[in-house]
Amino acid sequence: MNFLRRRLSDSSFVANLPNGYMTDLQRPDSSTSSPVSPAMERRHPQPLAASFSSPGSSLFSSFSSAMKQTSQAPSGLMEPPGPSTPVVQRPRILLVIDDAHTDWAKYFHGKKVNGEIEIRVEQAEFSELNLAAYVTGGCMVDMQVMRNGTKVVRSFKPDFILVRQHAYSMALGEDYRSLVIGLQYGGLPAVNSLYSVYNFCSKPWVFSQLIKIFHSLGPEKFPLVEQTFFPNHKPMPL
């Protein structure tokens, strides 16, 4: 300490020091000759607490907040994601319009769309169906069938259809063209075109399409039985 006092008394040495450097060593001896006892240090912990209220403490708190936000980040950024739960898709409903002599469910048993989605078959005749078609809601079908002497009633939205029954007959009450129109109105995809199903409701209309092919290809390539069409029973004038 005496050595430091001698050095600090040298004006040339002090002049070369930076401003404010080692200012504590230039205080009077009384500040260094009376050390604080341990009891007094325990009794006055305020300087330590005050150090945490300094600007440095705010920096530490900001750093702690940042660490807390990082620890609360999405788990996918902090650790590899676990195995995802497979999404189970609902079965696709195939409406088959046919009589009960053919069980179409057995032909689609175990079959899947794109190898993933199961197919559920609902089978009924035209006479057992009713429907309501919507612009945006597709087509809702009501089905009332007899199965082993039991009446089965279902309502469902088919995803696609297969028509295996004629939609029109001259017999009383066997004109189901309105149902075909409803299926087309609902935008249902069909295995066989609903447009062709509706066209085949009129045999003369179908024959008119054959006549076009007859005139296009000729009688040798496309022979056709000659027919005559009358729109009604009224006699033709001579």
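Small disclaimer: the values here were computed from a predicted structure and weren't measured.
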Undergrad: So, using salt bridge (Lys or Arg N to Asp or Glu O under 4.0 Å) as the criterion, who are the partners of Arg154 when residues are at least two apart?
TA: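 Result, salt bridge (Lys or Arg N to Asp or Glu O under 4.0 Å) vs Arg154: Glu122.
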Undergrad: Looking at Thr102 and Trp104, would you say the former's side chain and the latter's main chain have a donor-acceptor pair under 3.5 Å?
TA: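 Not confirmed, Thr102 side chain does not pair with Trp104 backbone.
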Undergrad: Step by step, would you call Ile93 with Phe160 a side-chain contact (heavy atoms from CB on, under 4.5 Å)?
TA: CA-CA 7 Å; Ile93 301 177; Phe160 45 100; over 6 Å; no
Undergrad: Above 12 or not: heavy atoms from other molecules or residues under 6.0 Å from OH of Tyr195?
TA: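 For Tyr195, atom OH is not crowded (no more than 12 foreign heavy atoms under 6.0 Å).
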Undergrad: Rounded to the nearest 0.5 Å, how far does CG of Leu224 lie from NE2 of His215?
TA: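 Reported value, rounded in 0.5 Å steps: 9.0 Å.
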Undergrad: Could you go step by step and tell me if Met146 and Thr150 meet the side-chain contact (heavy atoms from CB on, under 4.5 Å) rule?
TA: CA-CA 5 Å; Met146 295 297 295; Thr150 304; 6.0 Å; no
Undergrad: In the single-linkage hydrophobic clustering (I, L, V, M, F, W, Y; side-chain heavy atoms under 4.5 Å), do Met140 and Leu129 co-cluster?
TA: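 Met140 does not cluster with Leu129.
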Undergrad: Please determine whether side-chain contact (heavy atoms from CB on, under 4.5 Å) holds for the pair Phe156 and Met143, giving the CA-CA distance in whole Å, both sets of side-chain angles, and the decisive distance to 0.1 Å.
TA: CA-CA 8 Å; Phe156 56 89; Met143 183 177 70; 4.1 Å; yes
Undergrad: Give a yes or no on whether Ile211 and Leu217 share a hydrophobic cluster (residues Ile, Leu, Val, Met, Phe, Trp, Tyr; joining criterion: side-chain heavy atoms under 4.5 Å apart).
TA: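 Result: yes, single cluster for both.
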Undergrad: Just by modelled atom types, is the Gly137 backbone N or O under 3.5 Å from a matching donor or acceptor in the Lys157 side chain?
TA: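 Yes: the side chain of Lys157 pairs with the backbone of Gly137.
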Undergrad: Who passes side-chain hydrogen bond (donor to acceptor under 3.5 Å, both in side chains) against Asn130, sequence neighbours left out?
TA: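 Applying side-chain hydrogen bond (donor to acceptor under 3.5 Å, both in side chains) to Asn130 gives none.
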Undergrad: Within a radius of less than 6.0 Å around OH of Tyr185, do more than 12 heavy atoms belonging to other residues, nucleotides or ligands occur?
TA: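 No, not enclosed.
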Undergrad: Shortest non-hydrogen contact from Phe200 to His166?
TA: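 Result for this residue pair: O-CE1, 2.9 Å.
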Undergrad: Heavy atoms, side chains only, cut-off 4.5 Å: are Gln123 and Asp98 in contact?
TA: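 Yes. Closest side-chain heavy atoms under 4.5 Å.
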Undergrad: For a 4.5 angstrom cut-off between non-hydrogen side-chain atoms, does Leu183 reach Ile97?
TA: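 Touching, per the 4.5 Å side-chain cut-off.
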Undergrad: Quick test of your reading of the model: are Asp159 and Arg90 salt-bridged, counting only N-O distances below 4.0 Å?
TA: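 Looking at Arg90 together with Asp159, the answer is yes, because their closest N to O distance falls below 4.0 Å.
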Undergrad: Which atoms form the tightest heavy-atom contact between Tyr176 and Ser127, and what is the distance?
TA: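 Shortest heavy-atom separation between Tyr176 and Ser127 comes out as OH-CB, 3.4 Å.
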Undergrad: Could you tell me whether Phe214 atom CZ has more than 12 heavy atoms of other residues or ligands within 6.0 Å of it?
TA: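 Yes, because the 6.0 Å sphere around CZ of Phe214 holds more than 12 heavy atoms from other groups.
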Undergrad: Is the shortest side-chain heavy-atom distance between Asn192 and Val197 below 4.5 Å?
TA: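 The answer is yes, as the side chains (C-beta and beyond) meet within the 4.5 Å cut-off.
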Undergrad: Do any side-chain atoms of residues 107-118 form donor-acceptor pairs under 3.5 angstrom with protein atoms, and if so which ones, sequence neighbours left out?
TA:
none

Undergrad: Is there a path of hydrophobic side-chain contacts, each under 4.5 Å between heavy atoms of I/L/V/M/F/W/Y residues, joining Val96 to Leu188?
TA: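 Shared cluster, no.
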Undergrad: Hey, is the main chain of Ile213 close enough, under 3.5 Å, to the side chain of Ser216 for a donor-acceptor pair?
TA: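 Checked: no pair found.
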Undergrad: Give me the atom names and distance for the closest heavy-atom approach of Ala167 to Cys201.
TA: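 Smallest heavy-atom distance, with atoms named: CB-SG, 3.7 Å.
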Undergrad: Given side chains that start at C-beta, do those of Glu125 and Gln165 come closer than 4.5 Å, heavy atoms only?
TA: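 In contact.
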Undergrad: Of Leu95, Val121, Val191, which meets side chain to side chain contact (heavy atoms under 4.5 Å, CB included) against Leu162?
TA: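 Single pass found, and it is Val191.
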Undergrad: State plainly whether one hydrophobic cluster holds both Leu131 and Val145, where clusters connect Ile, Leu, Val, Met, Phe, Trp and Tyr through side-chain heavy atoms under 4.5 angstrom apart.
TA: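 Result: yes, single cluster for both.
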Undergrad: May I ask you to test the Phe126-Glu174 pair for a side-chain heavy-atom distance under 4.5 Å?
TA: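 Phe126 does not reach Glu174 side chain to side chain.
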Undergrad: Give the C-alpha distance, both sets of side-chain angles, the deciding distance and a yes or no for side-chain contact (heavy atoms from CB on, under 4.5 Å) between Cys139 and Val141.
TA: CA-CA 6 Å; Cys139 190; Val141 175; 4.2 Å; yes
Undergrad: Within this structure, what is the OG-CZ distance for the pair Ser202 and Phe207, rounded to the nearest 0.5 Å?
TA: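 Reported to 0.5 Å precision, the distance equals 12.5 Å.
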Undergrad: How many angstroms lie between NZ in Lys151 and CD in Gln144, if you round to the nearest 0.5 Å?
TA: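 Here the interatomic distance stands at 4.5 Å.
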Undergrad: Side chains of Tyr168 and Val180: closer than 4.5 Å at any heavy-atom pair?
TA: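 Of all side-chain heavy-atom pairs linking Val180 with Tyr168, none is under 4.5 Å.
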